[in-house]
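Read through the structure below, which is laid out as structure tokens, and then see the notes.
Residue numbers start at 1 and run along the sequence shown.
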Amino acid sequence: MKKKLGIMLALTVMCASISACSKGSTTETTSAAAQTVETTVQEAKTESSEGSEDSTAPAKEEGKKILTIAQGGDISTFDHQNHNNGVTGTVLCNFSHGLVERDDNNDWYCVLAESYEMIDDATWEFKLRDDVTWHNGDPFTAADVKYTYERAATDDSLKENHIFAVIKEVQIVDDYTVRFITDGPYPTMLSLLSKNGSQVMPAKYIEENGLDYYLSNPIGCGPYKFKEWIKDNVVVLERYDDYFGGTPYWDEVRFRAIPEASTRVAELLAGNVDIIVNVPTNEWDRVDANDGTEMVLGGGTRIFNVIMKYNTSPTQNHDIREAVAYALDSELIINTVLKGAGKSCYTRIAPGVFGQDESLYDIQKFDLEKAKALIAGSGYNGEEIELLVPSGRYLMDAEVGEVVAAMLTQAGLNIKLNVLEWSAYINKFNAGEFNGMALIAYGDDFFDASYGMNEYRTENCTPISCYSTEEYDQLYLDALNNMDPDSRNEQLVKMQQMIFVDECVQAPFIHLSVPYAINSRINFQSRIDEQFYAERITLK
């Protein structure tokens, strides 16, 4: 009991500053200052604003300061809890806010909350800011928090329902105080409320106009409001002058969908965009050599993974799944295709995420002869296996997919490669409309292994993969409610051993570094969650 009490006290956090949020406090939280967001934004704007106004950077257009970011695909929705992809999250994190978020050092700080306190293992209380307005001028209140998270927890049609379902109730104490009641002890509440897709939705606006109207005419409470969305082309946000964090830095922020990597590079070199993602390795030298552009290699949590359908032939065969892991020469792919931008691994949980099995990192399983022997002894009859691969979403994804297909073919499988641009790929992937295998690079902005390992519970069986055992389900639930970090870490490690070593449900094989290319006239620091917070990006 003494140890458990220590955990509870350590989770009571002062929110008046970023440093206090990251270190924690053993006293009840109070709002010594309600200036967290303003302070954080100003720290990101240490460069002279006068100098920025006089800049001739290409980010300025017709007297406006415009930031343009090119991603590999388009967003899917403005429904914060009905997506689970980083492309959408990158846009929406500038459009609205959660109660708490993470700074550039991955430490928690308060945004819509002024303070929070863990009352007991299953109760968290949040004091809310009273100076926040939605983009239509309505005040942000506890009613918005209750609507957002109870909807996320109860509507099983939402893509993020499975992770929010732990919330049993959101109680309104008063207009600016809420209490979250969870279904049992829940040690990762702050991770849940700060992840991609945790932004609050406007309850009154949606209830009066309907969800469909909101999706076409969305409002948030962030620094930038909705201006335009041309599907598969561009999302345009413009500054919200009544933003509680002060006047936003940019007049407009544009997110362009450019699936073809070479086109993204060409647009950067031409001065038409300011930041591009997933720069092909063969373009790095050209970007650095060009006057006015430069490469930035950042960290991340994404891990290339070969998904295998667990309940359909031939990948329901354990020997086939194990053979896939042995067939992948990750070191060869890293050294050639990725130009060193990665590490071999055999877990989907990356460094920096709590509960990672370190024994499965910086290793590769490659053993071609063993892969061939497993396939030969599996009873496999040579039937065609589709390998669904995205193009333009991750670093060298199409090229990696081609090499993976060749390696699996060499091991004795009959692989049909199907490379699709991101929008088409993700629709087929989410629907499970592929015959056998798919390549994807999973990330983890929850920063706790329970998020990634949640996929393998029986209740989350999907057309993508349908692994199911009572032993795993119970182990996951035990870890989900365990307030002791040491034993919880052991449980999360055991889950990875079960899924990747014992059952070979999937074949993770490369932890990716994240290459960006930027216009040299902007200040940009990459984040491990790969998000772009426009207020932290400035002109030099």
Quiz item: Restricting to pairs with a member in residues 373-423, which pass ring-ring contact (aromatic ring centres under 6.0 Å, His included), not counting sequence neighbours?
Solution: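 Checked against ring-ring contact (aromatic ring centres under 6.0 Å, His included) - neighbours excluded - the pairs reaching residues 373-423 are Tyr394-Trp422, Trp422-Tyr425.
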Quiz prompt | Within residues 310-333 or reaching into it, pairs that qualify as ring-ring contact (aromatic ring centres under 6.0 Å, His included) - sequence neighbours excluded | solution =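 Counting only pairs at least two positions apart or across chains, the ring-ring contact (aromatic ring centres under 6.0 Å, His included) contacts touching residues 310-333 are Tyr310-Tyr467.
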Quiz item: Should Thr301 and Tyr442 count as side-chain neighbours, where that means a heavy-atom distance under 4.5 Å?
Solution: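 Side chain of Thr301 against side chain of Tyr442, heavy atoms only: no contact under 4.5 Å found.
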Considering only residues two or more places apart or on different chains, which pairs with a residue in [range] satisfy disulfide bond (SG atoms under 2.5 Å apart)?
range: residues 252-327; answer: none
range: residues 373-420; answer: none
range: residues 297-397; answer: none
range: residues 427-464; answer: Cys461-Cys466

Quiz prompt | Identified side-chain contact (heavy atoms from CB on, under 4.5 Å) partner of Ile518 from the options Ile275, Ile276, Leu268 | solution =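 Of Ile275, Ile276, Leu268, side-chain contact (heavy atoms from CB on, under 4.5 Å) with Ile518 is met by Ile275 alone.
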Quiz item: For the side-chain contact (heavy atoms from CB on, under 4.5 Å) test, which of Ile258, Val87, Val235 pairs with Asp74?
Solution: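 Per the side-chain contact (heavy atoms from CB on, under 4.5 Å) rule, the option paired with Asp74 is Val235, out of Ile258, Val87, Val235.
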Self-check item: Ser391: side-chain hydrogen bond (donor to acceptor under 3.5 Å, both in side chains) partners, not counting sequence neighbours
Solution: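 So Ser391 forms no side-chain hydrogen bond (donor to acceptor under 3.5 Å, both in side chains) with any residue.
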Quiz prompt | side-chain hydrogen bond (donor to acceptor under 3.5 Å, both in side chains) against Ser526, all qualifying residues, sequence neighbours excluded | solution =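 For Ser526 there are no side-chain hydrogen bond (donor to acceptor under 3.5 Å, both in side chains) partners, ignoring immediate neighbours.
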Practice problem: Tell me whether the centres of the aromatic rings in Tyr516 and Phe524 are closer together than 6.0 Å. | Solution: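 Centroid separation for Tyr516 and Phe524: below 6.0 Å.
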Self-check item: Ring centroid separation Phe226 to Phe78 under 6.0 Å
Solution: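 That pair passes the under 6.0 Å test.
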Self-check item: Member of Tyr361, Tyr346, Phe304 meeting the ring pair (Phe, Tyr, Trp, His ring centres under 6.0 Å) criterion with His511
Solution: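 In the set Tyr361, Tyr346, Phe304, the residue that makes a ring pair (Phe, Tyr, Trp, His ring centres under 6.0 Å) with His511 is Tyr361.
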Self-check item: Distance-only polar pair, side chains of Gln199 and Ser96, donor-acceptor under 3.5 Å
Solution: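 Short answer, no.
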Quiz item: Taking atom types as modelled and ignoring hydrogens, do the side chains of Gln491 and Tyr476 form a donor-acceptor contact shorter than 3.5 angstrom?
Solution: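 Gln491 vs Tyr476: no donor-acceptor pair found between side chains.
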State the [atom1]-[atom2] distance between [X] and [Y], to the nearest 0.5 angstrom.
X: Leu193; Y: Ser198; atom1: CG; atom2: OG; answer: 6.5 Å
X: Asn481; Y: Ser450; atom1: CG; atom2: OG; answer: 10.5 Å
X: His97; Y: Asn94; atom1: NE2; atom2: CG; answer: 8.5 Å

Quiz: residues 404-420 side-chain donor-acceptor pairs under 3.5 angstrom, not counting sequence neighbours:
{"from": "Thr409", "atom 1": "OG1", "to": "Ala405", "atom 2": "O", "distance (Å)": "2.8"}
{"from": "Asn414", "atom 1": "ND2", "to": "Gly382", "atom 2": "O", "distance (Å)": "3.2"}
{"from": "Asn418", "atom 1": "ND2", "to": "Glu386", "atom 2": "OE2", "distance (Å)": "2.8"}

Exercise. Look at atom NZ of Lys494 and say whether more than 12 heavy atoms of other residues, nucleotides or ligands are closer to it than 6.0 Å.
Key: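 At most 12 heavy atoms, drawn from other residues, nucleotides or ligands, come within 6.0 Å of this atom.
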Quiz prompt | Where at least one partner belongs to residues 258-268, residue pairs that pass side-chain hydrogen bond (donor to acceptor under 3.5 Å, both in side chains), sequence neighbours excluded | solution =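 Every pair satisfying side-chain hydrogen bond (donor to acceptor under 3.5 Å, both in side chains) with a residue in residues 258-268: Arg256-Glu267, Glu260-Ser262, Glu267-Asn272.
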Side-chain donor/acceptor pairs under 3.5 Å, residues 426-439, sequence neighbours excluded:
{"from": "Asn427", "atom 1": "ND2", "to": "Ser423", "atom 2": "O", "distance (Å)": "3.1"}
{"from": "Lys428", "atom 1": "NZ", "to": "Glu433", "atom 2": "O", "distance (Å)": "3.2"}
{"from": "Asn430", "atom 1": "ND2", "to": "Ile426", "atom 2": "O", "distance (Å)": "3.4"}

Quiz item: Could you give all pairs that pass the salt bridge (Lys or Arg N to Asp or Glu O under 4.0 Å) test and reach residues 342-363, with sequence neighbours left out?
Solution: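 Listed once each, the pairs are Lys343-Asp362, Arg348-Glu455.
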Quiz item: Under 3.5 Å, is there a donor-acceptor pair between the side chain of Ser344 and the main chain of Ile510?
Solution: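 Answer holds: no.
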